[in-house]
Enquirer: 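Handing you this structure, nothing more for now.
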Amino acid sequence: MHIYIENIAKHEAKEVTVKGWLYNKRSSGKIRFILIRDGTGIVQSVIAKDETKNSIFEIADKITQESSVMLTGLVKKEDRAPGGYEIVANDLQIIQLAQEYPITPKDHSVEFLLPLRHLWLRSKKQSAIMRVRHEIIKACRDFFDDQGFVCADAPILTPAAVEGTTTLFEVEYYDQKAYLSQSGQLYNEATAAALGKVYCFGPTFRAEKSKTRRHLTEFWMLEPEVAFIELDGIMDLAENMVVYIVKRILERKSTELKTLERDFSKLESIKKPFPRITYEEAVKIVQKKDKTFPEGNDFGAPHETIISESFDKPVFIHHYPVNIKAFYMKRDPADESLSLSVDMIGSENAGELIGGGQREDNYETLLKSIKERGLSEDTYAWYLDLRKYGTCPHGGFGLGLERTIAWICGIKHCRETIPFPRMLDRVYP
RNA sequence: UCCUCGGUAGCUCAAUGGUAGAGCAUCCGGCUGUUAACCGGAGGGUUGCAGGUUCGAAUCCUGCCCGAGGAGCCA
């Protein structure tokens with residue numbers, strides 16, 4: 001019977017077949033140990049010369065790393081085997097004998113591994129990250145679906161910019177120009193007015209010349225948008241979501257977190273409430289360590305580090321000055337120079353994981369803001385329409401998926417959190 | 001666009017102006033419980049490229065190419 005390695009314990013003392021790839025092998029005189037991986041786990045099989053067919057023993061000698069194989073044998077509880085179980089082989093077939101495999105079980109540099117990403121994904125650590133990624137995606141969807149949100153995805157091909165105009169990938173769209181989406185947010189506002197509570201979840205694209213551990217040119221963003229919600233409600237939603245995701249990964253992906261050598265205590269402390277500080281309070285924290293930081297500026301990576309190190313949980317920073325946030329942010333009625341915006345900085349120096357806020361819902365104010373920034377009224381005509389036909393207080397946020405995965409996995413660089421990272425100067429493989 | 005660091009065997013690195021080397025991988029041999037197994041042997045090099053200084057350059061100088069980290073911008 002063909003089984004997956006993750007279920008091996010259920011088949012103790014039974015004959016099973018595993019299908020997979022040779023992970024590694026060791027030998028000692030007349031005994032061979034081969035490690036097979038099938039994507040769900042790794043299992044050791046033992047082949048002793050005097051206790052099995054000669055043909056199997058010869059195959060075990062010949063087999064190379066990453067050859068595809070089919071192995072049949074008896075499952076035995078064995079403390080000496082990694083994982084606690086091993087298979088006593090009585091049949092072994094090579095599906096394809098692999099050529100010399102470039103990625104050995106020793107250390108390699110990212111320089112070497114990145115062009116080999118299609119093979120690198122087979123390694124223990126990388127496949128663990130992909131499994132955590134999958135669970136985070138599923139947790140995000142479940143969190144919103146269970147509360148009656150509707151997934152209403154935004155288009156990827158768009159006629160205009162959401163954020164700036166300098167960071168767009170341009171594509172030919174028949175006889176006109178189109179751009180790859182930087183955010184689904186403006187469309188979310190339309191679907192939220194149709195459906196009440198919505199989210200979109202898909203790839204977004206930014207042609208920034210950024211070359212840091214936090215940047216990909218193609219990254220996934222989860223963006224909920226809610227009608228009749230205000231700033232505090234947006235923070236509540238984000239906080240509940242993050243707590244839910246972290247708890248679920250701890251419950252369901254502990255094996256993977258162990259493979260990644262993650263410090264569990266750092267994740268176990270992610271509980272409500274998260275600190276909520278104003279931009280002004282955040283500036284004071286930064287200025288304690290960097291006296292040169294001018295109030296009114298946006299925080300750069302070193303400043304985020306200072307803020308992050310002051311807390312052992314993610315922290316919300318709200319009420320940023322209007323001029324460092326996008327045109328659609330609602331102004332604080334109590335102080336017109338401030339916006340009802342909020343960012344969430346991850347703990348352990350994970351950077352900005354969430355950006356969002358309450359949107360400008362007044363037609364005249366929004367039009368003024370568009371004009372002030374030199375944007376075209378015509379381009380945003382449909383967006384302005386939303387303020388003509390039953391406008392209401394509303395808002396939402398965007399969660400950077402790859403940064404969130406990197407934070408939860410304790411991985412430094414975002415490029416390891418997506419199967420095939422797209423970065424400045426790298427689109428292969 | 002700017003700043004910093006780097007490029008030596010398939011991989012990871014050493015050799016600080018004087019014979020280019022080690023571990024892993026590969027191939028051959030040994031070992032009946034291995035845990036990135038171990039032990040012995042072999043093959044493997046235009047030191048990123050082009051100039052220059054020098055009796056002599058992987059090493060010093062100039063230019064270029066490629067890569068990594070970071071800044072700005074941003075999730």
Side-chain angles (χ1 to χ4, degrees), chain A residues 23-35 42-52 57 60-62 64-66 76 78-84 86 88 99-116 123-125 162-168 181-185 203-223 238 297-305 324-326 343-346 350-356 397-407 412-415 417-418 423-426:
Chain A
Y23 186 72
N24 201 0
K25 64 177 179 181
R26 297 182 273 269
S27 71
S28 177
K30 301 287 183 287
I31 190 165
R32 301 286 180 265
F33 300 93
I34 63 173
L35 285 110
I42 296 173
V43 70
Q44 171 172 287
S45 177
V46 61
I47 301 165
K49 193 167 192 178
D50 296 341
E51 292 158 31
T52 187
F57 196 79
D61 267 345
K62 194 172 82 176
T64 52
Q65 191 187 350
E66 287 302 321
K76 195 179 124 195
E78 172 58 72
D79 291 339
R80 289 173 291 185
E86 71 181 11
V88 183
Q99 298 178 28
E100 192 179 333
Y101 192 66
I103 304 175
T104 65
K106 290 276 180 182
D107 290 334
H108 299 282
S109 60
V110 278
E111 197 175 343
F112 175 71
L113 291 167
L114 277 172
L116 294 173
S123 71
K124 236 193 238 177
K125 208 172 151 180
V162 172
E163 310 285 345
T165 45
T166 53
T167 60
L168 288 166
S181 174
Q182 302 170 296
S183 162
Q185 191 222 302
T204 50
F205 306 85
R206 297 195 187 174
E208 285 154 5
K209 303 253 190 235
S210 299
K211 226 187 99 175
T212 80
R213 67 189 179 87
R214 289 172 184 159
H215 286 86
L216 299 172
T217 54
E218 176 180 328
F219 67 99
W220 282 61
M221 194 150 61
L222 171 71
E223 296 177 276
N297 276 29
D298 203 355
F299 303 117
H303 311 118
E304 284 179 3
T305 302
I324 55 172
K325 286 290 173 185
D343 285 356
M344 192 193 82
I345 311 280
E352 187 184 336
L353 303 180
I354 284 176
F397 60 85
L399 169 95
L401 178 67
E402 285 74 20
R403 286 185 183 179
T404 304
I405 300 167
W407 171 55
K412 270 216 164 137
H413 204 303
C414 281
R415 66 186 159 209
T417 66
I418 187 165
M423 291 173 291
L424 182 68
D425 297 331
R426 189 178 293 280

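Just so we're on the same page: letters track the sequence lines, and every chain starts at 1.
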Enquirer: Can you list, by residue number, the residues of residues 107-115 of chain A that have a non-hydrogen atom closer than 4.0 angstrom to RNA chain B?
Expert: Asp107(A), His108(A), Ser109(A), Glu111(A), Phe112(A), Leu114(A)

Enquirer: Check if the side chain of Thr167(A) and the base of rC73(B) share a donor-acceptor pair of N or O atoms closer than 3.5 Å.
Expert: no

Enquirer: In whole Å, measure the gap between the P atoms of rG40(B) and rC24(B) for me.
Expert: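 Here rG40(B) and rC24(B) have their P atoms 9 Å from each other.
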
Enquirer: Could you state the atom-to-atom distance from CG of Leu424(A) to C1' of rC73(B) in whole Å?
Expert: 12 Å

Enquirer: Between protein and nucleic acid, restricted to nucleotides 26-31 of chain B and to nitrogen or oxygen atoms under 3.5 Å apart, what atom pairs and distances do you find?
Expert:
{"residue": "rC31(B)", "atom": "N1", "partner": "Gly29(A)", "partner atom": "N", "Å": "3.3"}
{"residue": "rC31(B)", "atom": "N3", "partner": "Gly29(A)", "partner atom": "N", "Å": "3.0"}

Enquirer: When you check the phosphate oxygens OP1 and OP2 of rG70(B), does a side-chain N or O of His215(A) lie under 4.0 Å from one of them?
Expert: no

Enquirer: Which is true for Glu78(A) with a 4.0 Å heavy-atom rule: it touches a base, it touches only sugar-phosphate, or it touches nothing?
Expert: base

Enquirer: Write down the distance separating the C1' atoms in rA20(B) and rU46(B), rounded off to the nearest Å.
Expert: 13 Å

Enquirer: For Gln182(A) and rA75(B), give me the distance from atom CD to atom P, rounded to whole Å.
Expert: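 Distance check: Gln182(A) CD to rA75(B) P gives 9 Å.
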
Enquirer: Do any side-chain nitrogens or oxygens of Arg213(A) fall under 4.0 Å of OP1 or OP2 in rG70(B)?
Expert: yes

Enquirer: Tell me every residue that passes side chain to side chain donor-acceptor pair (under 3.5 Å) with Ser109(A), counting only those two or more places apart in sequence or in another chain.
Expert: none

Enquirer: What closest approach, in Å, do Met423(A) and His413(A) show between heavy atoms, and which atom pair accounts for it?
Expert: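 It is SD-CE1, 4.3 Å.
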
Enquirer: Which atom pair, heavy atoms only, marks the closest approach of Gln65(A) to Tyr23(A)?
Expert: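 Here Gln65(A) and Tyr23(A) meet closest at CG-O, 3.8 Å.
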
Enquirer: What is the nucleic acid contact for Gln99(A), judged by heavy atoms within less than 4.0 Å: base, sugar-phosphate only, or nothing?
Expert: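 No contact at all - Gln99(A) keeps every heavy atom at 4.0 Å or more from the nucleic acid.
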
Enquirer: Starting at the 5' end of RNA chain B, which residue's closest nucleotide do you reach first, Glu304(A) or Ala301(A)?
Expert: Ala301(A)

Enquirer: Is the backbone of Gly184(A) close enough, under 3.5 Å, to the side chain of Glu223(A) for a donor and an acceptor to pair up by distance?
Expert: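 Side chain of Glu223(A) to backbone of Gly184(A), a donor-acceptor pair under 3.5 Å: yes, one is there.
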
Enquirer: If I compare all heavy atoms of Leu35(A) with all of Pro82(A), which pair ends up nearest, and what's the gap?
Expert: CD2-CG, 4.3 Å

Enquirer: Take the protein atom OH of Tyr23(A) and the nucleotide atom C1' of rU34(B), then report the distance between them rounded to whole Å.
Expert: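 Rounding to the nearest Å, OH of Tyr23(A) and C1' of rU34(B) are 16 Å apart.
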
Enquirer: Are the side chains of Ile34(A) and Lys25(A) in contact, using a 4.5 Å heavy-atom criterion?
Expert: yes

Enquirer: Which sits closer to the 5' end of RNA chain B, Ala81(A) or Thr104(A), going by the nucleotide each is nearest to?
Expert: Thr104(A)

Enquirer: When the P atoms of rG63(B) and rA68(B) are compared, how many Å lie between them, rounded to an integer?
Expert: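 Pairwise P distance, rA68(B) against rG63(B), rounds to 23 Å.
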
Enquirer: Just checking Lys76(A): base, sugar-phosphate only, or nothing, at a heavy-atom cut-off of under 4.0 Å?
Expert: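 Counting heavy atoms under 4.0 Å across all strands, the contact made by Lys76(A) includes a base.
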
Enquirer: What integer distance in Å separates Arg80(A):CZ from rG33(B):P?
Expert: 8 Å

Enquirer: Rounded to the nearest angstrom, tell me the gap between atom CG in Leu168(A) and atom P in rC73(B).
Expert: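 In whole Å, rC73(B) P lies 18 Å from Leu168(A) CG.
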
Enquirer: Is there side-chain contact between Ile324(A) and Asn297(A), with at least one heavy-atom pair below 4.5 Å?
Expert: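 No, their side chains stay 4.5 Å or more apart.
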
Enquirer: rA36(B), rG69(B), rU1(B): which one has an atom nearest the side-chain heavy atoms of Arg415(A)?
Expert: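 Given the options rA36(B), rG69(B), rU1(B), the side chain of Arg415(A) is closest to rG69(B).
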
Enquirer: Quote, to the nearest angstrom, the C1' distance that separates rU47(B) from rC13(B).
Expert: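 Straight-line distance between the two C1' atoms is 13 Å.
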
Enquirer: With respect to the side chain of Arg403(A), which nucleotide from rA71(B), rA75(B), rG69(B) is positioned closest?
Expert: rA75(B)

Enquirer: Specify the separation, in whole Å, of atom CE of Met423(A) and atom C1' of rG67(B).
Expert: 12 Å

Enquirer: Determine the stems involving RNA chain B; a stem requires 3 or more consecutive pairs of the Watson-Crick or G-U wobble kind, each with both distances below 3.5 Å, and the answer is none if no such run exists.
Expert: B:1-7 with B:65-71, B:10-13 with B:21-24, B:26-30 with B:38-42, B:48-52 with B:60-64

Enquirer: Taking the C1' atom in each of rA25(B) and rG10(B), what is the distance between them to the nearest angstrom?
Expert: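 These two C1' atoms come out 7 Å apart once rounded.
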
Enquirer: Check whether Arg403(A) reaches the backbone of Arg214(A) with its side chain - one donor and one acceptor, N or O, closer than 3.5 Å.
Expert: yes

Enquirer: Once you apply a heavy-atom cut-off of 4.0 Å, does Pro102(A) come out as touching a base, just sugar-phosphate, or nothing?
Expert: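 Answer is nothing: Pro102(A) stays at 4.0 Å or more from every strand.
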
Enquirer: Report yes if a donor N or O on one partner sits less than 3.5 Å from an acceptor N or O on the other, where the partners are the side chain of Gln44(A) and the base of rU34(B); otherwise report no.
Expert: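 In this structure, the two groups form a donor-acceptor pair.
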
Enquirer: Measure from CG on Leu35(A) to P on rA36(B) and round the result to the nearest Å.
Expert: 10 Å

Enquirer: Could you give the distance separating rG43(B) and rG29(B) at their C1' atoms, to the nearest angstrom?
Expert: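 rG29(B) and rG43(B) have their C1' atoms separated by 15 Å.
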
Enquirer: Between Arg32(A) and Asp61(A), does at least one N-O distance fall below 4.0 Å, as a salt bridge requires?
Expert: yes

Enquirer: At under 4.0 Å between heavy atoms, what does Leu399(A) touch on the DNA or RNA strands: base, sugar-phosphate, or nothing?
Expert: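 Counting heavy atoms under 4.0 Å across all strands, no contact is made by Leu399(A).
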
Enquirer: Looking at Lys106(A) and rA25(B), is any side-chain donor or acceptor paired with a base atom of the opposite kind under 3.5 Å?
Expert: no

Enquirer: Quick one: label Lys49(A) by what it contacts on the DNA or RNA (base, sugar-phosphate, nothing), any heavy atom closer than 4.0 Å.
Expert: nothing

Enquirer: Is there aromatic stacking of Phe33(A) on rG33(B) here, judged by a ring-centre distance under 5.5 Å and a plane angle under 30°?
Expert: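 Phe33(A) vs rG33(B): stacking no.
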
Enquirer: Using the C1' atom in both, what is the distance from rU32(B) to rU26(B), to the nearest Å?
Expert: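 That atom pair is separated by 26 Å.
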
Enquirer: By salt bridge (charged side-chain N to carboxylate O under 4.0 Å, His left out), which residues pair with Glu66(A), not counting sequence neighbours?
Expert: Arg37(A), Arg122(A)

Enquirer: Starting at atom CD1 of Ile47(A), determine the distance to atom P of rG33(B), rounded to an integer number of angstrom.
Expert: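 Interatomic distance, CD1 of Ile47(A) to P of rG33(B): 16 Å.
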
Enquirer: Between rA36(B), rA68(B), rG72(B), spot the one nearest the side chain of Arg426(A), thanks.
Expert: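 Between rA36(B), rA68(B), rG72(B), the one nearest the side chain of Arg426(A) would be rA68(B).
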
Enquirer: Check whether Thr52(A) reaches the backbone of Ala48(A) with its side chain - one donor and one acceptor, N or O, closer than 3.5 Å.
Expert: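 No.
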
Enquirer: Taking the side chain of Met221(A) as its heavy atoms from C-beta onward, which of rA36(B), rA75(B), rG33(B) lies nearest to it?
Expert: rA75(B)

Enquirer: Backbone N or O of Lys76(A) within a donor-acceptor pair of the Glu86(A) side chain at under 3.5 Å?
Expert: no

Enquirer: Once side chain to side chain donor-acceptor pair (under 3.5 Å) is applied, do any residues pair with Glu51(A), and if so which ones, sequence neighbours excluded?
Expert: none

Enquirer: Using a cut-off of less than 4.0 Å, is there contact between a side-chain N or O of Arg214(A) and OP1 or OP2 of rA71(B)?
Expert: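 Answer is no, no contact under 4.0 Å.
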
Enquirer: For a quick check of understanding: with a heavy-atom distance under 4.0 Å over all strands, which category does Asn24(A) fall into, base, sugar-phosphate or nothing?
Expert: sugar-phosphate

Enquirer: Which atoms form the tightest heavy-atom contact between Leu216(A) and Arg415(A), and what is the distance?
Expert: CD2-CA, 4.0 Å

Enquirer: Quick check: closest heavy atoms across Ala406(A) and Thr417(A), and the distance to 0.1 Å?
Expert: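 That closest heavy-atom pairing would be N-CG2, 3.7 Å.
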
Enquirer: Could you measure between the two P atoms, the one in rC39(B) and the one in rG56(B), and give it in whole Å?
Expert: 43 Å

Enquirer: Between the base of rG72(B) and the side chain of Glu208(A), is there a donor-acceptor distance below 3.5 Å?
Expert: no

Enquirer: Determine the contact category for Leu216(A): base if any of its heavy atoms lies under 4.0 Å from a base atom, sugar-phosphate if only primed atoms, P, OP1 or OP2 are that close, otherwise nothing.
Expert: base

Enquirer: Side chain of Arg206(A) only, please: which of rC74(B), rA68(B), rG33(B) is the nearest?
Expert: rC74(B)

